[in-house]
There are 2 protein chains.
Amino acid sequence: MKPQDQSAADPASKAHLRLWLRLLKINRLVEAELRERLRLSFGTTLPRFDVMSALYRNPKGMKMSELSRLLMVSNGNVTGIVDRLTEDGFMLREAVPGDRRAARVRLTRNGIAEFERQAAAHEEWVSELLGGLSPEDTRRMADDLGTALTLDRKDADDA
Amino acid sequence: MKPQDQSAADPASKAHLRLWLRLLKINRLVEAELRERLRLSFGTTLPRFDVMSALYRNPKGMKMSELSRLLMVSNGNVTGIVDRLTEDGFMLREAVPGDRRAARVRLTRNGIAEFERQAAAHEEWVSELLGGLSPEDTRRMADDLGTALTLDRKDADDA
DNA sequence: CACTTTTATTTCAAGCTTAAAATTTCAGAC
DNA sequence: GTCTGAAATTTTAAGCTTGAAATAAAAGTG
């Protein structure tokens, strides 16, 4: 490829940057709205919702480190959020039989019931907020992102 | 459409939720990487980069409230970030002639030079991190998101 | 002009977040 | 068994973030 092929300035990097700025924007828009609704409707926060969601899908409980890895946040971060959710009676720490260092966290009966209420509203809200995307665009974009994510390595699974 | 058309459970909301979880994931992945690189290479953070970026595009400066609205963060948040960037000599507050309440913030010569270094690296990093997306997918996704964003109302503009 | 309301910003308390250091326990080497 | 290093978690300090309250000044009302 000849040098002047780069006619209209840099090709890919500007396009990627443009996409990134839009990803950032929709993320902030949706997160801000979800945060406010969670606060007003349930008196909770997004990080709390995320932790409860992870535990809801793992009824047997998860170790702190598993939680931290899945949610892609630091260990110390999870400690604080779980502390507060435990104070509220939504979850509890259990000893791990063979390992006195580890702690297994799981939702209480109360936490399960509370999360189910929150999750139903949450799903409706997300759908409302992404309502501008047609079913086809939605599916295609999710698939494209799936590709990008597996190429970024990390856990290639997904529910 | 007949009732049993909804065969595979709820249609749109689950698809939107799936997309949302992937948007969230790629966002965290990219942000985590950018945050670490900004820290290691420039000793700065994403919020600081965002503020400097906004001011770089507005050489005449911006009022605190304009900054806060553009970046979609709270007023108090901007105050703290600008305070620290000012201590570092990258920006300064100026009085607004006709309004003694307001403050106009702009980059110093030093701040401009520093941001230009950071922005060049940042663009490369983003392109690298989104490298898994082909030029076509990248463009299409950005366009689709643009649609979703204008439908979410708010400022329909964009650079 | 006095009064009220709106606007611009900062301050504050609480919670989120990270990276790094500190603890505690486990597992392997000897 | 003792030592050394790795692993799981918590603690800590600093910065980010919000919503609400506090300040201060501008703009409208009468």
Side-chain angles (χ1 to χ4, degrees), chain A residues 24 27-29 31-52 61-88 90-105, chain B residues 24 27-29 31-52 61-88 90-105:
Chain A
L24 220 42
N27 220 277
R28 287 184 188 180
L29 227 43
E31 281 203 347
E33 192 64 32
L34 291 178
R35 189 189 318 115
E36 175 161 25
R37 295 187 187 190
L38 281 174
R39 181 175 60 87
L40 296 177
S41 298
F42 301 108
T44 193
T45 66
L46 270 170
R48 288 165 60 101
F49 179 83
D50 288 345
V51 169
M52 291 184 75
M62 299 179 76
K63 292 197 298 180
M64 296 297 279
S65 47
E66 292 174 335
L67 217 34
S68 147
R69 212 174 313 126
L70 176 68
L71 301 178
M72 295 192 279
V73 298
S74 66
N75 286 346
N77 190 353
V78 176
T79 297
I81 297 170
V82 167
D83 282 351
R84 284 179 285 272
L85 282 167
T86 299
E87 283 176 19
D88 294 344
F90 293 141
M91 53 187 57
L92 44 83
R93 282 179 172 85
E94 293 174 319
V96 172
D99 191 341
R100 269 179 301 179
R101 294 169 304 179
R104 182 171 299 281
V105 192
Chain B
L24 220 42
N27 220 277
R28 287 185 189 180
L29 227 41
E31 281 204 348
E33 192 63 32
L34 291 178
R35 190 189 317 116
E36 174 160 25
R37 294 188 188 190
L38 280 174
R39 181 175 61 88
L40 296 177
S41 297
F42 301 107
T44 193
T45 65
L46 271 170
R48 288 165 61 101
F49 180 83
D50 289 343
V51 168
M52 292 183 75
M62 297 178 78
K63 291 197 298 179
M64 296 297 280
S65 46
E66 292 174 334
L67 217 34
S68 148
R69 212 174 312 126
L70 177 68
L71 302 178
M72 294 193 279
V73 298
S74 66
N75 286 346
N77 189 354
V78 175
T79 297
I81 296 169
V82 167
D83 283 351
R84 283 180 286 271
L85 282 167
T86 298
E87 283 175 19
D88 294 343
F90 293 141
M91 52 188 58
L92 44 82
R93 282 179 172 84
E94 294 174 319
V96 173
D99 191 340
R100 271 179 300 180
R101 296 168 302 179
R104 182 171 300 280
V105 192

**Q.** Residue-level proximity of residues 35-43 of chain B to DNA chain D when a heavy atom falls under 4.0 Å
**A.** none
Q: Check the distance between D:dA13's P and A:Asn77's CG and give it to me in whole angstrom.
A: 18 Å
Q.
Run B:Val82 and B:Met64 through side-chain contact (heavy atoms from CB on, under 4.5 Å) and show every step you take.
A. CA-CA 9 Å; B:Val82 167; B:Met64 296 297 280; 4.1 Å; yes
Q. In whole angstroms, how far is the P atom of D:dG15 from the CZ atom of B:Arg48?
A. 9 Å
Q) Quick one: B:Ile81 CD1 to D:dA14 C1', roughly how many Å, whole number? A) 14 Å
Q) B:Pro47 or A:Ala102: which one's nearest nucleotide on DNA chain D is closer to the 5' end? A) A:Ala102
Q) Partners of B:Glu94 by side chain to side chain donor-acceptor pair (under 3.5 Å), sequence neighbours excluded? A) B:Arg106
Q: Enter the inter-axis angle for the ends of the helix from C:dC1-D:dG30 to C:dC30-D:dG1 (five pairs per end, rounded to 10°).
A: 10°
(Q) Suppose we screen for side chain to side chain donor-acceptor pair (under 3.5 Å). Which residues come up paired with B:Thr44, at least two apart in sequence or across chains? (A) B:Arg48
(Q) Heavy atoms only, 4.0 Å cut-off, all strands: where does A:Ser74 land among base, sugar-phosphate and nothing? (A) base
Q | side chain to side chain donor-acceptor pair (under 3.5 Å) partners of B:Arg93, counting only residues at least two apart | A | B:Asp83
Kindly list each side-chain donor-acceptor pair under 3.5 angstrom involving residues 72-80 of chain A, sequence neighbours excluded, with atom names and distances?
| residue | atom | partner | partner atom | Å |
| --- | --- | --- | --- | --- |
| A:Ser74 | OG | A:Asn77 | N | 3.3 |
| A:Asn75 | OD1 | A:Ser68 | OG | 3.0 |
| A:Thr79 | OG1 | A:Asn75 | O | 3.4 |

Q: Would you mind listing every ring-ring contact (aromatic ring centres under 6.0 Å, His included) that reaches into residues 31-50 of chain A, with sequence neighbours excluded?
A: A:Phe49-A:Phe115, A:Phe49-A:His122
(Q) With a cut-off of less than 4.0 Å, is there a side-chain N or O of A:Arg93 near OP1 or OP2 of D:dT10? (A) yes
Q) Side chains of B:Asn27 and A:Leu24: does their closest heavy-atom pair fall under 4.5 Å? A) yes
Q. Between atom CD in B:Glu31 and atom C1' in D:dG15, what is the gap in whole Å?
A. 15 Å
(Q) What range of DNA chain C does chain B touch, first nucleotide to last, counting atoms under 4.0 Å from its heavy atoms? (A) C:dT7 to C:dA20
Q: Quick one: label A:Ser68 by what it contacts on the DNA or RNA (base, sugar-phosphate, nothing), any heavy atom closer than 4.0 Å.
A: nothing
Q: For side-chain contact (heavy atoms from CB on, under 4.5 Å), just list the numbers for B:Leu67 and B:Val51, CA-CA rounded to whole Å, side-chain angles, deciding distance to a tenth of an Å, and then say yes or no.
A: CA-CA 7 Å; B:Leu67 217 34; B:Val51 168; 4.3 Å; yes
Q) Does the side chain of A:Leu70 reach to within under 4.5 Å of the side chain of A:Glu66, using non-hydrogen atoms? A) no
Q) Of B:Ala32 and A:Gly80, whose nearest nucleotide on DNA chain C comes first from the 5' end? A) A:Gly80
(Q) Working note: B:Val105 + B:Leu92, criterion side-chain contact (heavy atoms from CB on, under 4.5 Å); need CA distance, chi angles, decisive distance, verdict. (A) CA-CA 6 Å; B:Val105 192; B:Leu92 44 82; over 6 Å; no
**Q.** Those residues that, when tested against A:Glu87, pass side chain to side chain contact (heavy atoms under 4.5 Å, CB included) (two or more places apart)
**A.** none
Q.
Tell me which pairs pass salt bridge (charged side-chain N to carboxylate O under 4.0 Å, His left out) where either residue lies in residues 95-105 of chain A, with sequence neighbours left out.
A. A:Asp99-A:Arg101
Q) Residues two or more places apart in sequence or in another chain: which of them pass side chain to side chain donor-acceptor pair (under 3.5 Å) with B:Arg28? A) A:Asp50
Q | Stepwise side-chain contact (heavy atoms from CB on, under 4.5 Å) test for B:Met52 and B:Leu85 | A | CA-CA 9 Å; B:Met52 292 183 75; B:Leu85 282 167; 4.0 Å; yes
Nucleotide N/O to protein N/O under 3.5 Å, stretch nucleotides 21-27 of chain D:
| residue | atom | partner | partner atom | Å |
| --- | --- | --- | --- | --- |
| D:dA26 | OP1 | B:Arg100 | N | 2.9 |
| D:dA26 | OP2 | B:Arg100 | NH2 | 3.2 |

